[in-house]
Protein chains: 2
Amino acid sequence: MPTLSKDRLHGTLDALVLKTLSWGPRHGYAIARWLEEKTGDAIQVEEGSLYPALYRMEKRGWIEAAWGMSEIGRKAKIYRLTGAGRKQLRLETAEWTHFASAVSRVLKPDASP
Amino acid sequence: MPTLSKDRLHGTLDALVLKTLSWGPRHGYAIARWLEEKTGDAIQVEEGSLYPALYRMEKRGWIEAAWGMSEIGRKAKIYRLTGAGRKQLRLETAEWTHFASAVSRVLKPDASP
DNA sequence: GGTAATACTTAGAGAGTCAATGTATCGCTG
DNA sequence: CAGCGATACATTGACTCTCTAAGTATTACC
């Protein structure tokens, strides 16, 4: 089967999660499901990638966690964006855009040396 | 301008190198310099990343190496793309495009949930 | 001799992947 | 209703891979 986003999440996951949280608090599981749904599975978030990412971003003060309830009444750890997180999101978005456009320019089918 | 792209090359370097070689054989040092120049330093290729990447791609049969001369008459290892490399380049380009458009869609400033 | 071009190496850490584990709750089926 | 599998949600550990940083080595040219 066609391998999807193998290793490409590297260096991008943080921005994706921060952006997801910029629309309001969510628990981890919901973040993953939402990203997958939103991108038609072009982005697949393993739980073993997501939770460690959430921890380190919490440690860095970009997000905050509190135990609460999921939409269907289950115990869940709800994350929300902090001010620092919002700033970080802007930074990483800018970096991504800059980087991605450079890559696209190089990879463009008819680009000439 | 956005600073150093930390780990974003992850999963992208191979495609960039393959694409560079698709315009003709080059030695490693030239590949790095060319990518940097072409992208206005948006993509910076450390030699510690590049040479291992060249080895593994050679081992996988995507590129071939031969000792030769650089343009200015210095000993240099010249790499060139193989058929398998060309195929791999197409594959990775398609994957990158797919992935990058998904990320951009999520990160887009006014995207709504 | 010093500087640039070119290649290579090693040490290290960061971040993902895979896969197992742990609870709770829901919903079925017998 | 008792039992059981499936789903929601979180955690963790062992592993791997690639990148970064920072060095060494060689040759050519001024």
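Chain A is the first sequence line, chain B the second, and so forth, proteins listed ahead of strands; every chain is numbered from 1.
Under the rule for a side chain to side chain contact (heavy atoms under 4.5 Å, CB included), the partners of Ala102(B) that lie at least two apart in sequence or sit in another chain are Thr39(A), Ala42(A), Ile43(A), Arg105(B). For Arg33(A), the salt bridge (charged side-chain N to carboxylate O under 4.0 Å, His left out) test picks out Glu36(A), with sequence neighbours left out. Listed by chain and residue number, Leu13(A), Glu46(A) satisfy the side chain to side chain contact (heavy atoms under 4.5 Å, CB included) test with Ser49(A) (two or more places apart in sequence, or in another chain).
Atom P of nucleotide dT7(D) and atom CD of Glu71(A) are separated by 17 Å, given to the nearest angstrom. Going from atom CD of Glu46(A) over to atom C1' of dA19(C) covers 10 Å, rounded to whole Å. When rounded to the nearest whole Å, the span between CG of Leu16(B) and P of dC19(D) equals 10 Å. Glu36(A) places its CD atom 14 Å from the P atom of dC9(D), with the value rounded to the nearest Å. Remark: P of dT18(D) and CD of Glu92(B) are 11 Å apart, rounded to the nearest angstrom. Computed from coordinates, the Leu54(A) CG to dT12(D) C1' distance equals 14 Å when rounded to whole Å. At whole-Å resolution of the value, CG in Leu9(B) and P in dA21(D) are 12 Å apart. Here the P atom of nucleotide dT20(D) and the CD atom of Gln44(B) are 9 Å apart, to the nearest Å.
Annotation: salt bridge (charged side-chain N to carboxylate O under 4.0 Å, His left out) contacts involving residues 49-76 of chain B, sequence neighbours excluded, comprise Asp14(B)-Arg56(B), Glu64(B)-Arg80(B). Among pairs with a residue in residues 66-97 of chain A, those fulfilling ring pair (Phe, Tyr, Trp, His ring centres under 6.0 Å) read Trp96(A)-Trp96(B), at least two apart in sequence or across chains.
A close approach under 4.0 Å does not occur between any side-chain nitrogen or oxygen of Arg8(B) and OP1 or OP2 of dT20(D). Using a 4.0 Å cut-off, some side-chain N or O of Tyr55(A) falls inside it from OP1 or OP2 of dT11(D). Using a 4.0 Å cut-off, no side-chain N or O of His10(A) falls inside it from OP1 or OP2 of dG14(C). Contact between the side-chain N/O atoms of Ser70(B) and the OP1/OP2 oxygens of dT6(C) is found at a separation under 4.0 Å. An OP1 or OP2 oxygen of dA7(C) is reached within less than 4.0 angstrom by a side-chain nitrogen or oxygen of Tyr51(B). Within the structure, every side-chain polar atom (N or O) of Arg26(A) is placed at least 4.0 Å from both OP1 and OP2 of dC9(D). Proximity of Ser49(B) to the phosphate of dT18(D): no side-chain N or O atom is located under 4.0 Å from OP1 or OP2.
Contact annotation for Gly28(B): backbone-only contact, meaning every heavy-atom pair under 4.0 Å involves sugar-phosphate atoms and none involves a base.
A donor-acceptor pair under 3.5 Å links the side-chain atoms of Ser22(B) to the main chain of Lys19(B), judged by distance alone. Within the 3.5 Å criterion, the main-chain N or O of Gly61(A) finds a donor-acceptor partner in the side chain of Thr82(A).
No hydrogens or angles were tested; on distance alone, a donor-acceptor pair under 3.5 Å links the side chain of Glu47(B) to the base of dC8(C).
Checking dA21(D), dT6(C), dT18(D) against every side-chain atom of Arg56(B), the shortest atom distance belongs to dT18(D).
Considering CD1 of Ile63(A) and CZ of Arg26(A), their distance stands at 13.5 Å, rounded to 0.5 Å.
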Which pairs, protein N/O on one side and nucleotides 26-30 of chain D N/O on the other, fall under 3.5 Å?
unit_1, atom_1, unit_2, atom_2, d
dT27(D), O2, Arg74(B), NE, 3.4
dA28(D), O4', Arg74(B), NE, 3.3
dA28(D), N3, Arg74(B), NH2, 3.1

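Position along DNA chain C of the nearest nucleotide to Tyr79(B) versus Leu13(A) favours Tyr79(B) as the more 5'-ward residue.
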